[in-house]
Number of protein chains: 2
Amino acid sequence: MNLRDLRYVLAVAEHRHFGKAAEASFVSQPTLSGQIKKVEEELGVTIFERSNRSVEITPIGEQLLIYARRVIEQVEAMENLAKAAQDPLAGLLRLGVIPTLGPYLMPLILQPLRKEFPDMHLVLREEITEQLLIHLRHHELDAALIATPPDDDDLQEIALFDEPFWLAFPAKHPLYNKDEIYEEDLPVDQLLLLADGHCLTEQVMGVCHLDQSSAHDDLRASSLETLMQLVGAGFGCTLVPALALRGSWATDTGVILRQVHVANAERRIRLVARKTFPRALALKALAELVCKHLPNTVRKVVKG
Amino acid sequence: MNLRDLRYVLAVAEHRHFGKAAEASFVSQPTLSGQIKKVEEELGVTIFERSNRSVEITPIGEQLLIYARRVIEQVEAMENLAKAAQDPLAGLLRLGVIPTLGPYLMPLILQPLRKEFPDMHLVLREEITEQLLIHLRHHELDAALIATPPDDDDLQEIALFDEPFWLAFPAKHPLYNKDEIYEEDLPVDQLLLLADGHCLTEQVMGVCHLDQSSAHDDLRASSLETLMQLVGAGFGCTLVPALALRGSWATDTGVILRQVHVANAERRIRLVARKTFPRALALKALAELVCKHLPNTVRKVVKG
DNA sequence: ACAGATTGATAGGTTTTACATATTGGATTT
DNA sequence: AAATCCAATATGTAAAACCTATCAATCTGT
């Protein structure tokens, strides 16, 4: 049996006339007659009792029609659903973000996103890079915003922007008088770090030429917010990604911020997804939207 | 789209492997791949995200699968229903009977019917011939038991049996001493009749050579039961079909019954149905069952 | 009563499409 | 490096759905 055949049956039931039903189905009357006959033979049941001047539905045919109508109804609902979902810019997009980026980037783009792509339904998940990549591979996420190259042949990336690191230190710190920070100024021995696993931790250590052994591991903050509270409280200094400068800690914590003039004192933020992810357009749209709403503290990458 | 395609989609979803799904669907892998691709193109949506080592279902695919499963489920229910209804001896049979036959014949066959064809669901309707024929033509009945030739080219008949008329008269009637009634004995002037419309009325008039004008129309009974009550009460005589002899009036009403030796003092009972009615076997089975359970007071017709 | 219109079924030929086998390209495993 | 696995692609074949033309039966209107 066939959906087309069911539609033919419904057409005959509606018109009670093979010719009219054929016309309404955009086929010839012999074709329709043949298909109806085929269905009846397949089901082993007479659906229509036809004479030369009337077409009537048998009682069993009436029962079958109820099912046929339900089937066609469901199929049409299915097609409508697909049609509504055809727009790659619409529908669910499960996006992961690293914790040192999410709280500062997402507020900038959520409202524009709702305005420009009202049908795109973003579901956010904040985890460290390693977890995000696992979720991507497991198809539990569709895309992720991270700060390291994914290093996985199954994944693709769209580079978005470079986010410089700023130096954060307590108000009473000797560096207070320096407006500009160079490599030799970095207070490497007073450096406070995030917990392991955060990509930011390794990147900051890289900028400061620290390795695992030489880094303090007695004081590790579990979040950037906590870290800045520690800085404000005078426990040490740290490097902060530019977008985080406007975090909630920025007011009244007595933390001083300075631009850093050191090579590679920045991280590249990219949108990664599986190469096989079918909604490339959604990724592109999201990438462009993010770039469009970035502050001047970061440097956009010119596409790619 | 196509039911076959939906089954393919479900198979891939189940196996998460095109080769295995193809095998389970008894087609080659390229065929299945092609059909899946076709469905995705038709729907404009990617259902499966495939790489060289995995097949995963997209979120929209998951939603579509819910519908696909429902559709297939309904279709299978439909096929099961048809299969269950394939037996022409099973299922609904809407049967009409004339009022002078139904109450006496049906009790004889209902139980055997339930025993021999437990799946045949008889729905009875008791009306005069004219109404029954109208209902037959309107497909509101499938068959009818009547006592006159249907005289309609769209209808067919199976003759079942000839039912003789018996003379019924009050106990004190002068005919009491006659054991056998011949034409000249018929008490034509005392004849009581049923209401017009009943075929029995005309047939009894025919046997007695009465026409519309010469017949009493001051006393007409609305049912055979009433008629016999009138006879028992001494209002007159009448002719009764043989099967009715065992009606509820037969005891304690003082009605005397005599066999009648008059040509054509009988009526032929036939099962009529539309020529186009598809369940000829059900008719045949019913006809045979009726004949099998008739008392000796009637003469079975030898098939046809 | 007879010609013309109507209706569903049938016949024969064409186009579409579903299918199979063979092969390819990319990735993984031994 | 060779073998294996997997889905996609290429190409030819067989089944099906479809069309036009026609038939048989009936109904309509003169």
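In what follows, chains are A, B, ... by sequence order, proteins preceding strands, each numbered from 1.
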* Short side-chain N/O contact to D:dA7 OP1/OP2 from B:K37, under 4.0 Å -> no
* Protein-nucleotide distance (A:E42, atom CD; D:dA15, atom C1'), rounded to Å -> 14 Å
* Asked: Quick one: salt bridge (charged side-chain N to carboxylate O under 4.0 Å, His left out) partners of A:K83, sequence neighbours excluded?
  -> none
* Asked: Do B:R50's NZ or CZ and the ring of B:F48 fall within the cation-pi criteria of under 6.0 Å and 45°?
  -> no
* Asked: Taking 4.0 angstrom as the limit, do A:E266 and A:R299 come out as a salt bridge?
  -> yes
* Asked: Atom CZ of A:R274 to atom C1' of C:dG26: distance rounded to whole Å?
  -> 19 Å
Scan nucleotides 28-30 of chain C against the protein and return all N/O pairs shorter than 3.5 Å with their distances rounded to 0.1 Å.
residue: C:dT28; atom: OP1; partner: B:R53; partner atom: NH1; Å: 3.3
residue: C:dT28; atom: OP1; partner: B:R53; partner atom: NH2; Å: 3.4

* Check side chain to side chain donor-acceptor pair (under 3.5 Å) between A:R267 and all other residues, then give those that pass, not counting sequence neighbours. => A:T100, A:E163
* **Whole-Å gap separating P (C:dG8) and CD (A:E40)** => 13 Å
* Structure fact -> Comparing nearest nucleotides in DNA chain C, the 5'-proximal residue of the pair A:K275, A:R16 is A:R16
* Structure fact -> Per-nt protein contacts along nucleotides 17-22 of chain C (heavy atom under 4.0 Å; B base, S backbone sugar-phosphate only, - none) come out as -SBBBB
* **Between D:dC18 (P) and A:I36 (CD1): distance, integer Å** => 11 Å
* **DNA chain C contacts among residues 54-63 of chain A, heavy-atom distance under 4.0 Å** => A:V55
* Starting at CG of A:D152 and ending at P of C:dA27, how long is that distance when rounded to a whole Å? -> 12 Å
* Ignoring hydrogens and angles, state whether a donor on the side chain of B:T276 or A:E49 is under 3.5 Å from an acceptor on the partner side chain. => yes
* To do: State whether the number of non-hydrogen atoms from other residues, nucleotides or ligands found under 6.0 Å of A:N80 atom CG is greater than 12.
  => yes
* **B:K38 atom NZ, over 12 foreign heavy atoms within 6.0 Å** => yes
* Quick one: do A:R94 and A:E140 make a salt bridge, cutoff under 4.0 Å? -> no
* Asked: Between atom CZ in B:F18 and atom P in D:dT9, what is the gap in whole Å?
  -> 11 Å
* Asked: Has A:K37 got more than 12 heavy atoms of other residues, nucleotides or ligands less than 6.0 Å from its NZ?
  -> no
* Asked: Quick one: B:H17 NE2 to D:dA8 C1', roughly how many Å, whole number?
  -> 14 Å
* **With sequence neighbours excluded, residues passing side chain to side chain donor-acceptor pair (under 3.5 Å) with A:R7** => none
* To the nearest Å, give me how far apart CZ (B:R50) and C1' (D:dT9) are. => 13 Å
* **Contact under 4.0 Å: B:S33 side-chain N or O vs D:dA7 OP1/OP2** => no
* To do: Please indicate whether A:E202 has more than 12 foreign heavy atoms, meaning atoms of other residues, nucleotides or ligands, lying under 6.0 Å from its CD.
  => no
